Number of protein chains: 2
Amino acid sequence: MTSKPATIDDVARRAGVSIATVSRALQKPNIVSDSAREKVFEAVEELGYTANVMARNLRRNRTNMAVVLVPNIGNPFFSEILAGIESAASARNYNILIGDTENDPAREREYAAFVRGHQADGLILLNGRLPSLPGDRRDGANLQTSAMPPIVVACERIPESALPTVCFDNTGGARSATAYLIRMGHRRIAHITGPPDNILTQDRLAGYQAALGDAKIPLDENLIIEGDFSIESGRAAIRLLGALGEFPTAVFCANDEMAIGAIAAIKAAGKRVPEDVSVIGFDDIQFADAVDPPLTTVHQPRAEIGQTAMNLLLDVLDGNPIAQKTRVLDGGLRKRDSVAPPRA
Amino acid sequence: MTSKPATIDDVARRAGVSIATVSRALQKPNIVSDSAREKVFEAVEELGYTANVMARNLRRNRTNMAVVLVPNIGNPFFSEILAGIESAASARNYNILIGDTENDPAREREYAAFVRGHQADGLILLNGRLPSLPGDRRDGANLQTSAMPPIVVACERIPESALPTVCFDNTGGARSATAYLIRMGHRRIAHITGPPDNILTQDRLAGYQAALGDAKIPLDENLIIEGDFSIESGRAAIRLLGALGEFPTAVFCANDEMAIGAIAAIKAAGKRVPEDVSVIGFDDIQFADAVDPPLTTVHQPRAEIGQTAMNLLLDVLDGNPIAQKTRVLDGGLRKRDSVAPPRA
DNA sequence: ATCAAAAATGAAAAGGTTTACATTCCGCTC
DNA sequence: GAGCGGAATGTAAACCTTTTCATTTTTGAT
């Protein structure tokens, strides 16, 4: 007994008014007479009418939907950013489509096509890579041109582009984390990095190096180990460090997962955290507080990053003037129990 | 210099064919002559044409999009399920819209309106609560009726409904986890539950009780503590247990987060895991392996759950006959290092 | 060369809204 | 009571596809 859903025509007929009046009664109730409004609402109620959003979008050429490209939903780091985006979007009557790209360019293109195909009004990039839109002519320099939809970049910055960006002060965070270790008396401080081509990796590494420079500690290349942001790579890095000979007295990891892996490996090697080696992470994910010992880490205001990004995008979409194209937020060091002075 | 995007008319004009031919060339390239196809593709390329999906959807009355309602994206447990859903959807040319409801019925309704308003073809529920669709007439019994869109429930089951469901054998999993503790020699086994109105909580509690019954161990109500699936509630439960007097020798937690919290609290109380008290979790989230000690837990085939659910939904949407409306998957116990025999 | 069948194409309708523009209605003022 | 202005309403176009149905072209057999 599945009947076709009611259309605006049905409502108009039932209410004894024109479809224009129905549309107006629903969109801007105040510009319609009381009696008409009442009749329309009644008919809507009786028929269980819901406007066909596809038709509306087609006519309005706006979807109230934004795509968010996230490299990996499974990464707890992104969830809170997404939540922030969500709340800002919801507050301004927008919906978000989360595209989990798994760093697969094909996936990215697929989702980007959403905005190209008018299924979404704008794009928020959490991955720092600009998807190449199909059928899009771009010659390096002029990105946000003709066919390009409104785009906002969050979390990462895309060095060559002029896109609106909100990001965390990664270099500053890394610098103060490393400086903290130095203040505690450490000199042999290892750094486990993310993937080398990642801009976050580069910024955090730069911060680490800057702090060492500030303290006139010579850089020891052997203490910089490449990871990939995974727990396992944190483990592996520590094992590698162990195999190389002397352990450092402290390790600064480019994210919390690697720090957690590192702690596990340090314990497995029979040493204690923080008595034998201090560990510091980056991001302050949910589990940072739950590991043993609770992880000292650089806190990122993730919800705020998400909100700021979404509001930026909405401002662009609404044609509001945007004050500053790039906003840099910063957080602070969350001191817990994974850092201590080195042993005498 | 932002010009309007090219439409199918532009392509048709440029290619010197009718819009019908353009449409066909793009949809079903093989029913069009080679020459026409070539001309069309060329024109598309030159104009950078992308079909307006809103218009297409309106005409086809299908969006190739499904909404997934998840109670909390931040919960790492759901990420893998989402990934499974995503991969199955992607394989069959569908996209998913992830609706983070935060257990807020208003949010749920908002997202459900998507399918009501024809912005999505179907709905996957990860939260086990049926959103009330606006303007929807339902009288308890007959849920999936007239206006109801295709819905599939994953992870949880909704007892009163006849909706297609794929879920994990929660009772069985809890039972075998508890039985394992009993086999190890434990008799005083505490259980930290989830929120009492949650169906998962109920099923897992039932499994716990069944295992005790199997072993003829009398149920001790004092050993059943209510949690809410959060790390903190796991901590609190252990503190409560401690305050109550005797510690159990083992704790079965209704999820991994609470188990992680429990381990932290047990350590904080000066006892060791597993030597003094064994802990077992549920879900096998990513971090289960990274905590100290690595957590023994009930593994759920999350990706598979997601895939199965999505394929079920797609079968319904395609009108394929579906063999069995409800599928129960099961996993196994992941034995790590948080369980040991009780001390003599 | 003729014809039938098959293949390719085009014209036009349909899909459900919003909205520009035209019209009607109502209450005023003079 | 004519004229006017503003509010309320209706008509019809526009949004851009896909797809039905009719028409034309091609193919292949005779």
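Lettering follows sequence order; numbering is per chain, from 1. None of these values were measured; they are calculated from a predicted model.
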List, one per line, each side-chain donor-acceptor pair under 3.5 Å for residues 17-25 of chain B, sequence neighbours excluded.
unit_1: B:Ser18; atom_1: OG; unit_2: B:Ala20; atom_2: N; d: 3.3
unit_1: B:Ser18; atom_1: OG; unit_2: B:Thr21; atom_2: N; d: 3.3
unit_1: B:Ser18; atom_1: OG; unit_2: B:Thr21; atom_2: OG1; d: 3.3

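Between A:Ser33 and D:dT9 there is a side-chain N or O to OP1 or OP2 distance below 4.0 Å. Regarding contacts with the backbone of D:dG10, a side-chain N or O of A:Thr21 is found under 4.0 angstrom from either OP1 or OP2.
Here A:Val53 lies out of heavy-atom contact (under 4.0 Å) with every strand.
Rounded to 10°, the angle separating the first-five-pair axis and the last-five-pair axis of the helix from C:dA1-D:dT30 to C:dC30-D:dG1 equals 50°.
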Quick test: give all pairs of protein nitrogen or oxygen and nucleotides 12-18 of chain C nitrogen or oxygen below 3.5 Å, distance rounded to 0.1 Å.
unit_1: C:dA14; atom_1: N3; unit_2: B:Arg59; atom_2: NH1; d: 3.0
unit_1: C:dT17; atom_1: OP1; unit_2: A:Tyr49; atom_2: OH; d: 2.8
unit_1: C:dT17; atom_1: OP1; unit_2: A:Asn52; atom_2: N; d: 3.4
unit_1: C:dT17; atom_1: OP2; unit_2: A:Ile8; atom_2: N; d: 2.6
unit_1: C:dT17; atom_1: O5'; unit_2: A:Tyr49; atom_2: OH; d: 3.1
unit_1: C:dT18; atom_1: OP1; unit_2: A:Gln27; atom_2: NE2; d: 2.8
unit_1: C:dT18; atom_1: OP2; unit_2: A:Ser23; atom_2: OG; d: 2.5
unit_1: C:dT18; atom_1: O2; unit_2: A:Arg59; atom_2: NE; d: 3.4
unit_1: C:dT18; atom_1: O2; unit_2: A:Arg59; atom_2: NH1; d: 2.4

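A salt bridge is absent between B:Arg60 and B:Asp121: the closest approach of a Lys/Arg side-chain nitrogen to an acidic carboxylate oxygen does not fall below 4.0 angstrom. A salt bridge is absent between A:Asp34 and A:Lys39; no separation between the charged side-chain nitrogens and carboxylate oxygens falls under 4.0 Å. One finds a salt bridge joining A:Asp318 and A:Arg62 here, because a Lys/Arg side-chain nitrogen approaches an Asp/Glu carboxylate oxygen to under 4.0 Å. A salt bridge is defined here as a Lys NZ or Arg NE, NH1 or NH2 lying under 4.0 Å from an Asp or Glu carboxylate O, and B:Arg92 with B:Asp315 meets this definition.
Separating the NZ atom of A:Lys39 from the C1' atom of D:dT9 is a distance of 11 Å, rounded to the nearest angstrom. The distance between atom CD of A:Gln119 and atom P of D:dT17, rounded to the nearest whole Å, is 13 Å. In this structure, B:Leu26 atom CG and D:dT19 atom P are separated by 13 Å, rounded to whole Å. Put simply, NZ on B:Lys28 is 14 Å from C1' on C:dA8, counting in whole angstrom units. Separating the CG atom of B:Asn61 from the P atom of D:dT19 is a distance of 11 Å, rounded to the nearest angstrom. Between A:Asp34 atom CG and D:dT9 atom C1' there is a gap of 15 Å when expressed in whole angstrom units.
With sequence neighbours excluded, the residues satisfying side chain to side chain donor-acceptor pair (under 3.5 Å) with A:Asn57 are B:Gln119. Residues passing the side chain to side chain donor-acceptor pair (under 3.5 Å) test with B:Thr165, sequence neighbours excluded: none.
Listed by first and then second residue, the salt bridge (Lys or Arg N to Asp or Glu O under 4.0 Å) pairs that reach into residues 72-91 of chain A are A:Glu80-A:Arg302, A:Glu86-B:Arg107, sequence neighbours excluded.
Paired with A:Leu126 under the rule side-chain contact (heavy atoms from CB on, under 4.5 Å), one option of A:Leu69, A:Ile85, A:Asn72 passes, and it is A:Ile85.
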